[in-house]
Amino acid sequence: MRLTRYFLPVLKENPAEAQIVSHRYMLRAGMIKQQAAGIYSWLPLGFKVLKRIEQIVHEEQIRAGHIPLLMPTLQPADLWRESGRYDDYGQEMLRIKDRHDRDMLYGPTNEEMITDIFRSHVSSYKELPLTLYHIQWKFRDEVRPRFGVMRGREFLMKDGYNFDVDREAALHAYNRHMVSYLRTYERMGLTAIPMRAASGPIGGDNTHEFLVLASTGESEVFYDDAVTGLKLGNREVDYDDRAQVKAICDEFTTLYARTDETHDEALFDAVPEARRKVGRGIEVGQIFYFGTKYSESMGATVVTADGSRVPVEMGSHGIGVSRLLGAIIEASHDDKGIIWPEGVTPFHAGIVNLKQGDAATDAACEAIYAALKAKGLDPLYDDRDERAGAKFATMDLIGLPWRVTVGPRGLANGKVELTSRRTGISEEMTAETAVDRIAQIYEGV
RNA sequence: CGGAGCGUAGCGCAGCCUGGUAGCGCACCUGCUUCGGGAGCAGGGGGUCGGAGGUUCGAAUCCUCUCGCUCCGACCA
């Protein structure tokens with residue numbers, strides 16, 4: 001994309017309403033525009049990152065054997081009356097009446113609807129296990145939205161629901177989600193730690209929240225510092241192998257890591273003092289096994305091998321897709337702007353033309369731009385007639401991980417500059433080498 | 001929902017207390033010079049001051065109501 005043909009309304013000054021760094025940078029980098037309290041338009045740059053994150057979530061869900069579908073944003077109230085949540089949910093639920101005076105609601109989540117789909121079409125244990133998910137906009141009418149997309153009222157969320165014949169199978173679905181989430185966050189350049197969450201009425205250790213450590217996080221967290229070093233990496237995972245999946249979950253959940261909701265001083269004290277950490281975290285996902293709560297109230301049953309009819313075992317599993325943009329920025333930025341991890345960056349690299357209009361410099365930039373595109377990459381070429389400083393400032397703000405700087409001075413020696421946004425380190429090399437290096441960097445991403 | 005505050009040009013703000021029909025910086029447009037970290041000079045365009053009502057000869061300024069937004073707290077992915 002050529003910047004002169006793109007829509008990137010960057011702001012030089014900080015908008016007054018933005019309090020935290022991710023909100024400020026998303027506004028300044030022209031990623032979002034607020035339309036009402038907690039409701040945002042996604043401008044092209046923000047939309048691109050949102051779509052990249054969504055794509056990673058899809059890929060990892062499908063890899064884990066989960067099946068995508070799409071449920072509507074508006075739901076009939078009757079389904080929620082069946083589960084009892086129409087009255088329980090409170091004012092966070094946005095209630096709407098249609099022209100026929102029927103009660104509708106803008107979905108804050110989809111347990112009822114997915115259970116309705118399931119009960120309409122599935123009646124035998126032979127069709128299980130089944131895990132369905134979708135990525136859809138939700139609405140929760142928060143009393144006090146804030147922090148930009150971190151706590152909006154409208155938000156994009158991946159929510160998945162597993163249907164299993166018994167508790168063991170359902171717990172495997174739970175574990176499968178944990179592993180798929182670990183991989184998802186790692187691909188986004190995040191360290192998200194699964195922490196035991198408040199267990200609710202079912203009891204036991206059947207819900208975990210995933211937290212990204214950040215000083216602006218909403219939750220106080222207590223953890224063994226060793227958990228921050230755990231990585232899934234590129235290891236092969238067979239999602240049908242219950243023992244392997246369980247072993248990975250154990251590996252990631254044995255060390256102490258809890259939010260203030262479930263914090264246990266006695267257990268925490270057992271962590272070696274040097275590794276005992278207290279911090280803050282941003283919740284970017286939660287997995288939950290809840291058994292038959294909805295299947296019983298809504299009549300979602302299957303016939304088992306011995307001919308009996310049992311309510312199906314369920315769990316639900318969410319990732320805050322839109323919120324992840326904020327979380328990633330909170331975890332990856334400096335005083336000049338955003339620093340995108342390669343996995344989610346809106347453009348793979350930026351090309352800065354230091355002397356727009358100079359025949360040699362223009363030609364070199366065009367060649368690099370074409371070469372990167374030929375490699376299947378998505379570069380952003382700053383071809384504006386701006387001064388160098390303005391171009392650098394824009395690139396730093398929008399946070400592309402790699403920048404190719406092209407100017408007459410370097411070209412005189414046949415060189416351009418490749419700069420890492422994260423380290424700030426620049427290296428001189430030929431244009432061809434720079435293109436190859438960038439292509440190489442993205443090979444494994 | 002309890003407490004506090006703010007709505008004046010695209011953005012950031014001053015003016016309001018002590019009424020006299022609006023100003024600064026950035027951005028934008030034109031020209032010249034500049035050109036490796038948000039350039040300089042000159043010229044120019046843009047707002048009727050969130051909305052409604054009231055007081056007054058006169059309201060951005062005072063009063064009432066209303067809408068929106070923000071912050072602290074409680075709540076929350």
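Proteins come first, then strands; the chains are lettered A, B, ... in the order of their sequence lines, and each starts at number 1. Every heavy atom of this structure was used, including side-chain atoms; hydrogens, water molecules and symmetry mates were not.
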Please classify the nucleic acid contact of [X] as base, sugar-phosphate, or nothing, using heavy-atom distances under 4.0 Å.
{"X": "S322(A)", "value": "nothing"}
{"X": "E386(A)", "value": "nothing"}
{"X": "G337(A)", "value": "nothing"}
{"X": "D396(A)", "value": "base"}
{"X": "T109(A)", "value": "nothing"}
{"X": "G318(A)", "value": "nothing"}
{"X": "A388(A)", "value": "sugar-phosphate"}
{"X": "R403(A)", "value": "base"}
{"X": "E13(A)", "value": "base"}
{"X": "G389(A)", "value": "sugar-phosphate"}

| Would you call R2(A) and E366(A) a salt bridge, using N to O less than 4.0 angstrom? | yes
| said: Assess whether a salt bridge exists between R151(A) and E218(A), defined as any Lys/Arg side-chain N lying under 4.0 Å from an Asp/Glu carboxylate O. | reply: no
Watson-Crick or G-U wobble mate for [N], both contacts under 3.5 Å:
{"N": "G10(B)", "value": "C26(B)"}
{"N": "G2(B)", "value": "C72(B)"}
{"N": "U18(B)", "value": "none"}
{"N": "C32(B)", "value": "G40(B)"}
{"N": "G45(B)", "value": "none"}

Using atom [atom1] in both nucleotides, what's the gap between [N] and [M] to the nearest angstrom?
{"N": "G51(B)", "M": "C6(B)", "atom1": "C1'", "value": "16 Å"}
{"N": "G45(B)", "M": "G50(B)", "atom1": "P", "value": "24 Å"}
{"N": "U66(B)", "M": "C26(B)", "atom1": "C1'", "value": "33 Å"}
{"N": "U34(B)", "M": "C41(B)", "atom1": "C1'", "value": "11 Å"}
{"N": "G46(B)", "M": "C28(B)", "atom1": "C1'", "value": "9 Å"}
{"N": "C29(B)", "M": "C69(B)", "atom1": "P", "value": "32 Å"}
{"N": "G5(B)", "M": "A22(B)", "atom1": "P", "value": "30 Å"}
{"N": "G36(B)", "M": "A9(B)", "atom1": "P", "value": "36 Å"}

| Of all of residues 15-30 of chain A, which get a heavy atom below 4.0 angstrom from RNA chain B, listed by number? | P15(A), A16(A), E17(A), Q19(A), R28(A)
| message | Taking the ring centre of each residue, are Y6(A) and F347(A) less than 6.0 Å apart? | response | yes
Side chain of [X], backbone of [Y]: donor and acceptor closer than 3.5 Å?
{"X": "S219(A)", "Y": "V221(A)", "value": "no"}
{"X": "E330(A)", "Y": "S22(A)", "value": "yes"}
{"X": "S295(A)", "Y": "V312(A)", "value": "yes"}

| message | Please evaluate residues F222(A) and H263(A) with respect to the criterion ring pair (Phe, Tyr, Trp, His ring centres under 6.0 Å), reporting the C-alpha separation (whole Å), side-chain torsions for both, the decisive distance (0.1 Å), and the verdict. | response | CA-CA 7 Å; F222(A) 304 82; H263(A) 181 53; 3.5 Å; yes
| message | Using a 6.0 Å distance limit plus a 45 degree cone around the ring axis, check whether R276(A) lies over the aromatic ring of Y256(A). | response | no
| Looking at Y86(A), does the NZ or CZ of R81(A) lie under 6.0 angstrom from its six-membered ring centre and within 45 degrees of the ring axis? | yes
| task | Using heavy atoms to find the nearest nucleotide of RNA chain B for G285(A) and V10(A) separately, return the residue whose nucleotide is more 5′. | result | V10(A)
| message | For E261(A) and R144(A), find the nucleotide of RNA chain B closest to each by heavy atoms; which residue's nucleotide sits nearer the 5' end? | response | R144(A)
| Straight-line distance of E60(A) CD to Y239(A) OH, nearest 0.5 Å | 6.0 Å
| task | Under 4.0 Å from any heavy atom of chain A: name the first and the last nucleotide of RNA chain B that qualifies, 5' to 3'. | result | C1(B) to A77(B)
| task | Would you list the pairs meeting side-chain hydrogen bond (donor to acceptor under 3.5 Å, both in side chains) in which at least one residue belongs to residues 11-21 of chain A, sequence neighbours left out? | result | none
